[in-house]
Amino acid sequence: MITRAFCLALFLLLALAWPPASHAAAPDDERRQLLALVHAAEADLRLGRNSQALDKLHHGLALAQRLGNESLLAALESSLGHAYLLAGREADAERVLRSGIERSRKANNAPTAAAALNNLGNLLARQGRFGDAGKAYREALETARSAGRSDMAVRASLNLARARVDEGRHAEAAALLPALSAELRALEPSHDKAYALIGLGRLYARLQASGAHSALQEALAVAERIDDALARSYALGYLGELYEQAARHDDALQLTQRAIVASQQADAPEITYRWQWQAGRLLRAQGQPEQAILAYQHAVHTLGSVRQDLAAGAGRGSFRESIGPVFSELADLLLEHSASVGDEKRVAQYLVDARSTMELLKGAELQDYFQDDCVAALRSRTAGIDRLEARTAALYPIILKDRLELLLTLPDGMRRFTARVDARTLTAEIRAFRTRLEKKTTHQYYPHARQLYDWLIRPIAGELEKHRIDTLVIVPDGALRTIPLAALHDGRQFLVARYALATTPGLTLTDPRPIARERIQLQLNGLTESVQGFPPLPYVGEELKTLHGLYGGTLLQNRQFTVSNMEKDLEQTPYSIVHIASHGQFDSDIEKTFLLTYDGKLSMDKLEQFLGLSKFRTDAVELLTLSACQTAAGDDRAALGLAGVAVKAGARSALATLWIVNDPASATMVSAFYRALQDPAVSKAKALQQAQLSILQDPRYRHPNYWSAFLLIGNWL
């Protein structure tokens, strides 16, 4: 994560690795300019302005290149590589760090080489390349010792031991710690010593070995001696964590509260939230739910200012595991406490607060996936859904460790239901259902369709019937994003036979306006030919011809369907529907998510640029249709990208597929959907329901593999 500790480390790195004045080939004014850029970059990083910091470091690198000083260049590359790593740009980080290592060796600058090797080891360890990471750390250790830099040698040794623990080689890690501890304690009090002792204490704790408490106590003493509030906060907080694990809750809470004060003195919200979260857990364990809720809410509020940087520092795909529990534990606590209060208004407020907490998590996950502010942009122009139409309900499943909570929003208020299934069992059932749905020749999906119906729908079925619900909007959580709920089965019929279904990444992420039928304009794009190694889609031609006959519009097919042609046409005409019948892939890595055009791949950033509000477009696209995209089974993060595609593209809704559907079945489904959509009395959700039910009547396509993969995402009106 980008923290004040990192900013300090960056400053120390530059101070330690910067070439001495006697080696300088640069005039003083240019050196001062370069140092000013680096200090300004440090300030930007401290405030979370990552892109601005990188811009300054890039400028500094260009200036150092003009000066031709290899030591300056090496130091800047090491710093830039570290900044790239903390921003999640791992490929750039590795490239720049390797260049810095080579350059520092040529310049005979051992401290810079040691620092860059250590940073490279951190990158490789984060990627799980532990063998290469160990080699980099050992080289950093040897280089630092040859330069007489025991502080840098300790840092490399500590990182090597941490990598061994991460790899599961606990005995090897434990064997490194006694010598490391002795070497570390021989250092003079300093910032580096304090943080290294904290790291040592964390390693002892992970290995469940004695030594954690004494290392953290010594770190606290060093922090007090050098008056480092941030190091003091870390030491106090991790000591509190040790006491929490020992169930000494009173002592743990006292230490944790001191850690919060110290982090606030250091102006370090990226640490404050951690200790507020810890205080919430401790207060809950002490049987003080209202105080615990308040502590958790403080943590969530604090996270709002630093979440993006923390997510980048956590590494791709780990957002929900590293930061998500703050939100889900708060929602859990709110729901649990709602059952203990007697006042109906207070109960309703706790339910609303739990849902709002999960809304924050869902928005944060999308921002983490797309790595931009598309969520904030949508929230700035829509109030979201605060009231539902008659006969419409919203189902909000919340997957908790020990149970599944179901928040059902009806036109007259919210109800809470609980299914007694733990997260692991539920996720395994979801995975099995998705895998078997993709087997068109068997009905192995059926028992899983029944079981998931029993957990997700049966508890709320009575309320749905009582309120005569015909449209069910689902806000899926976690693994539920990877499956189509339309294919759930009650023993007599599929869920789609009872309800028009839509999914949305969040109620606050949905623009509630219905589609304007009187001025629909279509842009139709598609490939029938095999390009770039992807198989042909021969029925796409028929699909596009049918839609063109229904609505008219512009048709870009095969050689005409290029990135530049699409961009030019979208600039000239404010289309309300953009239809893309081509291969698409949603990956856990946004950089590998794309839609195929004749001459290349359309990224999500490009799609946003084409469809988003701009000088060419003053209103959102009503519907984005992607009729041949896919996400890998079991890839929850990739499914998150699919769930958020409408938000990213700036469209009110999207029609997309979880997997590539049989070509003729897809063409039939899509054509039926657009025909139904011509009726102004039919919502998009009901148009999809009608299309799915019509294809179910065809004996060739009764298996849910053919029709259930289509999801209506976002606005369902």
Side-chain angles (χ1 to χ4, degrees), residues 335 338-339 344 347-348 351-352 354-355 358-359 384-400 403-421 426 429-430 433 446 448-477 480-481 483-507 510 512 514 653 676 681-693 696 704 707-708 710-717:
L335 292 168
S338 72
E344 288 187 8
V347 171
L351 298 185
V352 170
R355 188 183 68 184
M358 296 305 294
E359 283 281 298
I385 302 293
D386 55 357
R387 295 193 65 181
L388 297 171
E389 308 79 20
R391 306 191 70 178
T392 299
L395 175 60
Y396 216 106
I398 302 176
I399 302 174
L400 300 174
R403 67 193 189 281
L404 171 65
E405 292 278 3
L406 303 170
L407 297 183
L408 181 65
T409 302
L410 298 158
D412 66 347
M414 195 187 304
R415 312 280 191 278
R416 175 196 174 198
F417 302 86
T418 303
R420 290 297 168 184
V421 54
L426 176 62
E429 196 69 25
I430 290 169
F433 180 51
Y446 181 71
H448 306 290
R450 289 286 305 275
Q451 180 62 79
L452 289 170
Y453 179 92
D454 288 344
W455 286 332
L456 287 159
I457 305 300
R458 196 171 298 283
I460 65 172
E463 288 290 333
L464 297 178
E465 185 174 348
K466 175 183 173 183
H467 288 80
R468 302 174 63 197
I469 298 300
D470 61 19
T471 300
L472 183 58
V473 180
I474 299 137
V475 188
D477 187 31
L480 286 171
R481 298 186 185 106
I483 59 171
L485 269 67
L488 301 189
H489 206 284
D490 66 359
R492 294 178 299 166
Q493 58 188 351
F494 290 108
L495 191 63
V496 71
R498 295 284 302 273
Y499 308 106
L501 297 163
T503 70
T504 177
L507 293 177
T510 302
S653 57
V682 176
S683 68
K684 285 177 280 190
K686 289 182 179 177
L688 178 59
Q689 181 190 32
Q690 289 180 19
Q692 290 175 318
L693 291 177
L696 257 169
W707 51 266
S708 69
F710 287 88
L711 301 181
L712 180 66
I713 304 162
N715 183 304
W716 60 88
L717 301 174

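One is the number of the first residue; the rest follow in order along the sequence. All values below come from the heavy atoms of this structure, side chains included, with hydrogens, waters and symmetry mates left out.
- Between Leu688 and the choices Leu712, Val682, Leu711, the side chain to side chain contact (heavy atoms under 4.5 Å, CB included) rule is met once, by Leu712.
- Between Val473 and Leu388, every side-chain heavy-atom pair lies at or beyond the 4.5 Å cut-off.
- With contacts defined as side-chain heavy-atom distances shorter than 4.5 Å, the pair Leu404/Leu406 qualifies.
- Not one N or O on the side chain of Gln493 forms a donor-acceptor pair closer than 3.5 Å with the backbone of Arg498.
- Distance alone, capped at 3.5 Å, places no donor-acceptor pair between the Arg468 side chain and the Arg391 backbone.
- With contacts defined as side-chain heavy-atom distances shorter than 4.5 Å, the pair Ile457/Asp490 does not qualify.
- For Gln689 (side chain) and Val496 (main-chain N/O), a donor-acceptor pair under 3.5 Å exists by modelled atom type.
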(message) Thr409 vs Tyr396, test: side-chain contact (heavy atoms from CB on, under 4.5 Å). Steps then yes/no.
(response) CA-CA 8 Å; Thr409 302; Tyr396 216 106; 5.8 Å; no
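- Of the possible donor and acceptor atoms, one in the side chain of Arg416 sits under 3.5 Å from a partner among the backbone N and O of Leu335.
- Residues passing the side-chain contact (heavy atoms from CB on, under 4.5 Å) test with Ala393, sequence neighbours excluded: Leu408, Leu410, Leu464, Ile469, Leu472.
- Under the 4.5 Å side-chain criterion, counting only non-hydrogen atoms from C-beta, Leu480 is in contact with Leu456.
- Considering only residues two or more places apart in sequence or on other chains, Thr504 meets the side-chain hydrogen bond (donor to acceptor under 3.5 Å, both in side chains) condition with Thr510.
- Between Tyr453 and His489, the closest side-chain pair of non-hydrogen atoms is not below 4.5 Å.
- Considering only heavy atoms from C-beta on, Thr503 stays 4.5 Å or farther from Leu485 through its side chain.
- Every residue two or more places apart in sequence or in another chain was checked for a ring pair (Phe, Tyr, Trp, His ring centres under 6.0 Å) with Phe417, and none qualifies.
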